[in-house]
Amino acid sequence: MAVSIEAPRAPRTRTTRRTTGRTNYELYGWVFMRASGVLLVVLIFGHLFMNLIDGEGISAIDFGFVAGKWASPLWQVWDLLMLWLAMIHGTNGVRTIINDYAERDGTRIVLKVALYLAFTVVVVLGTLVIFTFDPCPPDAPANLLPSFCTA
Amino acid sequence: MPEAPAGTLYRGREGMWSWLAHRVTGFAIFFFLLVHVLDTALVRVSPEAYNAVIGTYKNPVMGLGEAGLVAAVVYHAFNGIRITLIDFWSKGTRYQRVMLWIVIGLFVVTMAGFLPRHLGNVFGGH
């Protein structure tokens with residue numbers, strides 16, 4: 001096999017850089033962080049106002065408070081949107097942190113599997129809770145329930 | 001300490017420290033979010049279970065923790081808007097330092113409004 005010698009100062013051929021299968025997913029992630037971030041400012045500031053500032057704040061939060069809020073479709077949609085956007089935004093942020101600091105391949109894989117597992121469990125659980133919530137469970141004491149349960 | 005090269009946004013001074021604070025606050029908020037969805041999920045178990053766990057959020061130590069959490073959220077929110085402006089506004093990079101001081105100013109004003117209200121609810125005796 002003849003060995004060809006490249007001309008001096010010839011441009012280096014790209015052998016290590018992958019040119020196939022490259023995608024725009026990192027760009028979409030970058031755009032998502034900014035778009036979801038702007039929405040989350042509104043959603044979370046609204047959430048904090050309703051739960052920590054309005055009325056008696058944290059000291060008024062109990063089962064009846066949550067049931068009263070979720071009786072309104074507005075707060076159901078609000079909380080559902082906040083759950084999904086915050087979890088995707090946060091998971092993508094932590095993924096970036098893992099990529100930055102976990103240098104060994106094995107460490108990165110383990111951390112990311114744990115991250116995606118936590119994402120799936122929390123999003124599925126939270127979504128089910130919002131959609132299957134019963135504000136008036138039949139065997140619960142009436143004084144713990146919102147007033148509309150007895151009406 | 002050597003000066004950061006001119007024209008960089010993320011090495012040295014305001015750009016770097018705001019980036020670091022953004023990363024630290026975001027990381028902390030994410031782990032609170034995981035716990036917060038789990039505690040709220042207790043409404044699906046029973047009113048007693050939910051009230052018992054949310055009751056722990058009302059003690060003074062947790063009340064101070066919530067103040068810290070809100071501080072982290074408020075900084076992350078305002079600085080996130082700053083980052084978005086740096087990326088999408090044509091003059092964003094030129095004003096990134098000024099915008100950080102605006103972020104800090106808005107942070108102070110927001111916390112000055114929030115803290116008395118929240119700490120009053122936590123320590124107000126219920």
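Residue numbers begin at 1 in each chain, while the letters A, B, ... track the order of the sequences.
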To the nearest 0.5 Å, tell me how far [X] [atom1] sits from [Y] [atom2].
X	Y	atom1	atom2	value
B:Arg44	A:Phe131	CZ	CZ	13.5 Å
B:Asn59	A:Ile58	CG	CD1	10.0 Å
B:Leu69	A:Leu48	CG	CG	7.5 Å
A:Leu125	B:Leu38	CG	CG	6.5 Å
A:His89	B:Leu33	NE2	CG	11.0 Å

Between [X] and [Y], is there shared hydrophobic-cluster membership here, with clusters defined by ILVMFWY side-chain heavy atoms closer than 4.5 Å?
X	Y	value
B:Val98	B:Trp19	yes
B:Val35	A:Val122	yes
B:Leu20	B:Phe107	yes
B:Phe31	B:Tyr75	yes
A:Phe133	A:Leu74	yes

Mind listing the closest non-hydrogen atom pair of [X] and [Y] along with its distance?
X	Y	value
A:Gly126	B:Val37	CA-CG1, 3.9 Å
A:Phe63	B:Tyr50	N-CD2, 3.6 Å
A:Gly55	B:Arg117	O-NH2, 2.8 Å
B:Lys58	A:Ser59	NZ-O, 3.7 Å

Name the option with the most non-hydrogen atom pairs under 4.5 Å to chain B; the candidates are [options].
options	result
A:Asp79, A:Asp134, A:Ile61	A:Ile61
A:Thr132, A:Val66, A:Val123, A:Val129	A:Thr132
A:Ile130, A:Val94, A:Asp139	A:Val94
A:Ala140, A:Gly57, A:Ala35	A:Gly57
A:Val41, A:Leu83, A:Thr96	A:Val41

Taking atom [atom1] of [X] as the centre, does the number of heavy atoms from other residues, nucleotides or ligands within less than 6.0 Å exceed 12?
X	atom1	answer
A:Trp84	CH2	no
B:Phe88	CZ	yes
B:Trp17	CH2	no

Would you say B:Arg23's side chain and A:Ile97's backbone share a donor-acceptor pair under 3.5 angstrom?
->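 Flag not set: sc B:Arg23 to bb A:Ile97 has no pair under 3.5 Å.
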Let me know which of A:Leu52, A:Ile44, A:Ile53 forms a side chain to side chain contact (heavy atoms under 4.5 Å, CB included) with B:Val70.
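The option that passes is A:Leu52.
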Taking the side chain as every heavy atom from C-beta outward, state whether B:Ile54 and A:Phe65 have any atom pair closer than 4.5 Å.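 SC-SC contact between B:Ile54 and A:Phe65 ruled out.
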Self-check item: Side-chain heavy-atom pair A:Pro137, B:Pro47 within 4.5 angstrom cut-off
Solution: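 They are in contact (side-chain heavy atoms under 4.5 Å apart), so the answer is yes.
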Is it the backbone or the side chain of B:Glu66 that comes under 4.5 Å from a heavy atom of chain A, or both, or neither?
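Looking at B:Glu66, just its side chain touches chain A.
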* With a 6.0 Å cut-off on ring centres, are A:Phe45 and B:Phe78 close enough? ->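 A:Phe45 vs B:Phe78: aromatic centres under 6.0 Å.
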- Query: So what's closer than 4.5 Å to chain B heavy atoms on A:Asp100: side chain, backbone, both or neither?
  - Reply: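 The side chain, not the backbone.
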Proximity breakdown for A:Leu40 and chain B, heavy-atom pairs closer than 4.5 Å:
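No part of it gets close to chain B.
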Working note: B:Leu34 + A:Met87, criterion side-chain contact (heavy atoms from CB on, under 4.5 Å); need CA distance, chi angles, decisive distance, verdict. CA-CA 8 Å; B:Leu34 298 183; A:Met87 281 302 294; 3.6 Å; yes
